[in-house]
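See below for the structure under consideration.
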Amino acid sequence: MRRRPDLGGLEAVLLDMDGTLVDSDASVERAWSTWAGEYGVPVDTVLAVAHGSPAGRTVAHLLPRLGPEEVAIAARRQLALQYDDLSDVAAAPGAHELLATLDRCGLPWAVVTSADGRLAKARLAAAGIDPPLLLTIDDVRHGKPDPEGYLRAAGLLRADPAACLVVEDSEPGLAAGTAAGMPTAALRGLDGDLRLFDLGHLAHLLRRARTSPWWRDAVGYQVYLPSFGDSTGDGWGDLAGAGEHLDHLARLGVDVVWLTPFFRSPMRDHGYDIADYRVVDPSFGGDAALDELLARAHRRGMRVIGDLVVNHTSDAHPWFTAASSSRADPYRDYYIWRDPAPDGGPPNNWLSHFGGPAWTFSEATGQYYLHLFSPEQPDLNWRNPALAAQVDEVIEHWLARGLDGFRIDTAAYLVKDADLRDNPLLPADLLVPVGGVTMEWRRQDHRHDIHQPDVHAVHERWRRVADRHDAFLVGEVYELDPGTLARFVDGERLHSSFWFGLVESGWDPERIDTMLAAAAAASPRLSWVQGNHDRPRAATRYGGGQVGRRRSLALHVLMASLPGTMWIYQGEELGLGDGHVPRGHGADPLATAEPGQSRDAARTPMPWRPGPGLGFTTGRPWLPEGGRTDADTVAAQEADPASHLTTLRRLLTTRRRLAGPAAATDEIARADLGAGVTAYRRGGLWAVANLRDATAAEVELPAPAVFDSDDPAVTPERPRTGRVRLAPQQALLLAGPWPAS
């Protein structure tokens with residue numbers, strides 16, 4: 001398995017020139033094509049081998065009949081053709097951003113090329129690049145793939161070769177870096193220790209590597225594994241299928257991927273009922289598939305977190321099988337058992353999320369066991385130290401295997417009231433407005449079954465484990481009050497927690513405005529999210545169709561300015577609304593208790609490309625495709641510069657470039673730009689949006705706009721200034737001036 005380069009520990013960056021730092025492909029190909037015609041060699045044959053090696057070596061390979069002097073003459077002719085053609089040579093995409101980042105980070109850099117000195121200086125000058133150190137074929141005895149050039153550069157920069165990153169776009173160059181004992185970063189889809197889609201990507205990774213902690217201001221993406229990508233054609237998503245789509249996430253701007261549970265499970269709740277915490281379920285591809293996905297994600301600079309589901313296990317877990325066999329079994333106290341009430345019924349009035357009492361009677365031992373979800377998901381006893389120690393070992397196991405942290409399922413549910421007291425009933429006018437549960441559940445004040453103060457001690461225990469591995473813990477805490485939620489991320493508790501105010505909201509601009517302001521003020525460590533696999537999709541909740549997509553996008557722009565972690569649920573980047581699942585074709589166990597609460601519509605397969613199976617599967621999908629159209633697919637939206645996908649990608653690209661200066665402060669302030677306009681400022685980063693359904697009054701922009709949800713022409717290189725009238729749900733990012741540091 002390839003190592004993950006330690007970008008935070010780099011001492012120097014060594015860059016190839018042609019095709020890497022300088023976009024000279026057209027010039028190179030024209031010169032070689034002309035040369036091929038003059039020497040009678042097929043052009044395709046020449047272009048297949050010409051990139052990355054010295055001209056002399058390439059000529060000798062193509063024309064083995066020539067003697068040394070003739071090879072030298074032919075090589076000089078080829079170089080002469082290149083000297084005469086610099087008309088369209090320019091810096092490669094992201095090159096200047098990368099070089100500025102290297103300078104800000106104080107990282108030495110050099111250019112190491114197989115071109116000769118005259119050509120290298122001419123091309124670099126044409127691209128506006130002046131390297132502090134330039135090594136060409138004139139400075140070494142051998143060109144690439146010999147490591148001499150890279151080793152000499154490391155020596156001149158007084159850097160440890162093992163701490164020098166080689167950035168290349170050719171196989172010979174990557175071979176030279178590897179032979180020099182250096183980590184490599186590859187362009188053009190080649191396979192280095194890092195795979196880059198452009199040099200701006202590397203600039204972002206270097207900035208993040210020098211940001212502590214790494215998840216600060218990260219962009220997260222939830223992969224609902226059963227519905228993301230199927231590699232086998234059985235209609236069920238798996239880890240290999242997810243791995244096939246990692247380039248989509250990298251291009252989108254994702255820093256951390258959350259995988260829903262992949263552990264061994266009977267799949268009564270699609271993985272949230274775990275039968276073995278240390279084994280990857282065969283339906284997801286087994287342990288080797290996870291190792292490969294982690295390696296592929298890490299090569300793209302992305303982190304991967306798992307889903308820690310330890311409020312309950314499956315009733316098929318060996319712990320529960322043993323615990324239910326006898327009251328004297330050593331595992332009995334891993335779960336919560338109680339004698340029947342005097343009338344023979346459940347021990348208290350607690351309810352299951354999935355309907356009915358939260359207690360099921362065990363004939364074998366004459367006691368009830370607790371399950372806040374289905375009877376097949378018995379709750380663990382977090383007051384048992386032995387259970388806590390077992391879960392510590394599970395966390396250690398996966399972090400050592402390469403996971404970068406966990407999303408904590410039902411993070412506030414773990415500890416229950418020690419005396420198991422009844423929950424009070426709520427008056428009808430105070431019913432809790434939380435989806436994903438039955439109406440029965442809403443009628444109780446859940447004072448004793450969830451959100452107990454003792455749960456913080458569990459999170460603090462996990463935090464100590466995670467911090468030893470530089471790992472990230474983000475909680476699923478269904479606490480809508482931001483001030484209360486902030487206590488879950490105070491001090492040495494969870495690193496972050498999702499705030500579900502937007503997830504539990506329909507479209508109400510005034511309410512959203514008020515809620516978002518309160519959440520932004522509560523803590524800089526929250527995770528911002530609009531949707532997940534348990535709730536109707538954001539575009540549907542916000543009105544559906546184009547209106548719902550615009551509203552969701554406006555909120556993404558506001559989220560992009562806030563400190564913390566910004567999350568996207570799979571398909572949200574396409575503006576997907578709920579999929580259509582015909583009656584009788586669903587799979588959600590919650591729908592059995594309350595059909596109106598079915599989560600299937602948010603879980604239909606990811607639409608990758610038009611055609612049967614939508615590119616998700618070649619077989620019959622486990623859930624219906626959802627009625628998606630060709631325009632809903634990734635393939636169609638990638639080709640449309642005005643699509644939801646390309647617009648969100650523009651937003652995240654712009655945010656990525658501004659995140660470094662913005663991360664200098666967690667201070668967030670509301671700004672008054674006029675009636676009907678919502679605006680936040682964080683340092684020199686502004687987010688400005690019109691959440692209303694009418695055009696806003698004209699406002700003077702307090703800084704240049706570098707992103708406009710309605711105008712792809714607005715970029716950091718082509719900003720907009722002056723006065724604007726924002727259309728309904730139009731949103732902008734503004735940049736500068738940055739406060740003095």
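Every value quoted in this text rests on a predicted model; they were computed, and no experiment measured them.
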With a 4.0 Å cut-off on N to O distance, would you call Asp392 and Arg464 a salt bridge? no

Please examine the side chains of Arg268 and Gln377, heavy atoms only from C-beta on, and report whether any two atoms are closer than 4.5 Å. no

Reference residue Arg463; test side-chain contact (heavy atoms from CB on, under 4.5 Å); the match among His495, Arg493, Arg468: His495

Do His298 and Asp404 have side chains that approach each other closer than 4.5 Å (heavy atoms only, starting at C-beta)? yes

For residues 343-352, which residue pairs pass the side chain to side chain donor-acceptor pair (under 3.5 Å) check, not counting sequence neighbours? Asn348-Trp359

Looking at the rings of Phe354 and Trp441, which for Trp means the six-membered one, are their centres under 6.0 Å apart? no

Could you tell me whether the side chain of Ser527 and the main chain of Ser496 form a donor-acceptor pair under 3.5 Å? no

Check: Tyr413 ring centroid to His353 ring centroid under 6.0 Å: yes

Test your reading of the model: is there a side-chain donor-acceptor pair from His533 to the backbone of Gln222, 3.5 Å cut-off? no

Arg303 to Trp215 six-membered ring, cation-pi geometry met (6.0 Å, 45°): no

Applying side-chain hydrogen bond (donor to acceptor under 3.5 Å, both in side chains) to Tyr272 and Asp307, what does each step give before you reach the verdict? CA-CA 9 Å; Tyr272 283 91; Asp307 209 325; 2.6 Å; yes

Please tell me whether Glu396 and His469 have a donor and an acceptor in their side chains that are separated by less than 3.5 angstrom. yes

Salt bridge check: are Asp578 and Arg541 linked by an N-O gap of less than 4.0 Å? no

Interatomic distance, Leu614 atom CG to Ser227 atom OG [nearest 0.5 angstrom]: 11.0 Å

Could you check Tyr569, Phe488, Trp567 and say which one makes a ring pair (Phe, Tyr, Trp, His ring centres under 6.0 Å) with Phe498? Trp567

Heavy atoms, side chains only, cut-off 4.5 Å: are Phe262 and Asp281 in contact? no

Asp255 side chain reached by Val219 side chain, heavy atoms, under 4.5 Å: yes

Is any side-chain heavy atom of Leu426 closer than 4.5 Å to one of Arg443? no

Side chains of Gln390 and Tyr277: donor-acceptor distance under 3.5 Å anywhere? no

Under the side chain to side chain contact (heavy atoms under 4.5 Å, CB included) criterion, do Leu252 and Ile568 qualify, and how do the steps go? CA-CA 10 Å; Leu252 182 60; Ile568 297 164; 4.3 Å; yes

Within the structure provided, determine whether Phe263 and Val309 are in side-chain contact (heavy-atom separation under 4.5 Å). no

Does the side chain of Asp238 come within less than 4.5 Å of Asp230's, by heavy atoms? yes

Please test Thr410 against Phe373 for side chain to side chain contact (heavy atoms under 4.5 Å, CB included), starting from the C-alpha separation and ending with a verdict. CA-CA 11 Å; Thr410 56; Phe373 293 88; 3.6 Å; yes

Between Thr360 and Tyr369, is there a side-chain heavy-atom distance shorter than 4.5 Å? yes

Other residues, nucleotides and ligands only: do more than 12 of their heavy atoms fall within 6.0 Å of CZ on Arg620? no

Going by the salt bridge (charged side-chain N to carboxylate O under 4.0 Å, His left out) test, which pairs reach into residues 473-491, not counting sequence neighbours? Arg407-Glu476

